[in-house]
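Whatever order the structure lists them in is the order used to number ligands and atoms, beginning at 1. Keep in mind that the numbers below use all heavy atoms, side chains included, and drop hydrogens, waters and symmetry copies. If you're wondering where the values come from, they're calculated on a predicted model, not measured in any experiment.
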Amino acid sequence: MAEPLLALSGLGKHFGGVQAVKDLSFSMGSGEIVGLIGPNGSGKSTSVNLISGTLPPSNGDIRFAGTSVSRLTVSERVPLGLARTFQTTSVFPEFSVREQVLTACHVRYRSSASGSVFRLASARREEHAQHAKVEEILAFVGLAAVAGEAASAISSAQQRLLMIATALATEPRLLLLDEPAAGMVAKERKDLAALIQRIRGRGTAVLVIEHHMGLIMEVCSRIVVLNFGQKIAEGTPADIQRNPVVIDAYLGGAH
Ligand code: ADP
Ligand code: MG
């Protein structure tokens, strides 16, 4: 049997005395959209930080595309096809929308700077290809109309799409989305759900953290539920919705 795209086994992270993630195991295949849900403080963002490499794990292993990535840095994981967005929007305020996405393309295309005429010609061709790719991605996420605007001048929903566009520019095999719908109104969430499905359509698996259950139930084929850092359930949206342990975790928690 083929190895899954992502496999977490016994993953753990503690911050001093706080066990943020404990003995977490699950896997996902390429072409899947998986939801990661749970009450506030249940370890969702920490899990994404461990998978993306923003934080080193305290225990366990993360395998991605056939190799262990647990000890790799973020910048070593991105070229393997791992990209993420953050729970809080992070954009370069002075960059235009187009420039911000362009910066991320360099992960994939790297011209040697040394000076032969032939190298310069190929570098120019590459630059051309990168610009075309940026325009394609901006159109794909629905930001073509604001491509020339400063990243700080667009709406917060558009900044969330910009984070997704920037991640897509690295050509990920797995995209990790940490609360991509935060601050979005219903219509924007609906468009986001369609976008997530189109991202899967281009061959990128998606792991999405979200507390808007409507969005999660609509786009995910499988859902993993965390509570106090541990997996308490895993299954289809229908399974999860009627799972008494899950209902308890939400009703009994801080919500
Ligand atoms: P979620 O995203 O599910 O709301 P988090 O993963 O952000 O939860 O947090 C899980 C737990 O770990 C919380 O108790 C949080 O306070 C703690 N935590 C998260 N990040 C850190 C950190 N950098 N330092 C200390 N504690 C942290
Ligand atoms: Mg979080």
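Here the protein heavy atom with the shortest distance to atom 12 (O) of ligand 1 is A20 CB, 3.2 Å. At the top of the distance list for atom 23 (N) of ligand 1, counting protein heavy atoms only, stands F15 CE2, 3.6 Å. If you check which protein heavy atom lies closest to atom 9 (O) of ligand 1, you get T46 OG1, 3.8 Å. Scanning the protein heavy atoms around atom 14 (O) of ligand 1, the nearest turns out to be V18 CG1, 3.9 Å.
Side chains of E76 and T73: a donor on one and an acceptor on the other come within 3.5 Å. Of the N and O atoms on the side chains of T46 and N49, not one donor lies less than 3.5 Å from an acceptor on the other residue. For the residue pair S45 and D178, a side-chain donor N or O sits within less than 3.5 Å of a side-chain acceptor on the partner. The closest side-chain donor-acceptor pair between R63 and S9, if any, does not fall under 3.5 angstrom.
Of the candidates S45, G41, G16, G17, G41 brings a heavy atom nearest to atom 10 (C) of ligand 1.
For R98 and E135, the salt-bridge test passes: some basic side-chain N is under 4.0 Å from an acidic carboxylate O. Salt bridge present: K133 and E171 bring a charged side-chain N and a carboxylate O closer than 4.0 Å. Using a 4.0 Å cut-off between a side-chain N of Lys or Arg and a carboxylate O of Asp or Glu, R202 and E136 qualify as a salt bridge.
Heavy-atom contacts of N40 reach the following atoms of ligand 1: 4 (O) (cutoff under 4.0 Å). Ligand-side atoms of ligand 1 in range of S42: 1 (P), 3 (O), 8 (O), range being under 4.0 angstrom from any heavy atom.
At a cut-off of 2.8 Å, S45 coordinates the Mg ion (ligand 2) through an N, O or S atom.
Remark: atom 16 (O) of ligand 1 lies closer than 4.0 Å to no protein heavy atom.
Looking at S47 next to ligand 1, no N or O pair under 3.5 Å apart turns up. The shortest N or O to N or O distance between G43 and ligand 1 is under 3.5 Å.
Paired with L161 under the rule side chain to side chain contact (heavy atoms under 4.5 Å, CB included), one option of L138, L143, V146 passes, and it is L143.
G38 does not count as a contact of ligand 1, since none of its heavy atoms falls under 4.0 Å from the ligand.
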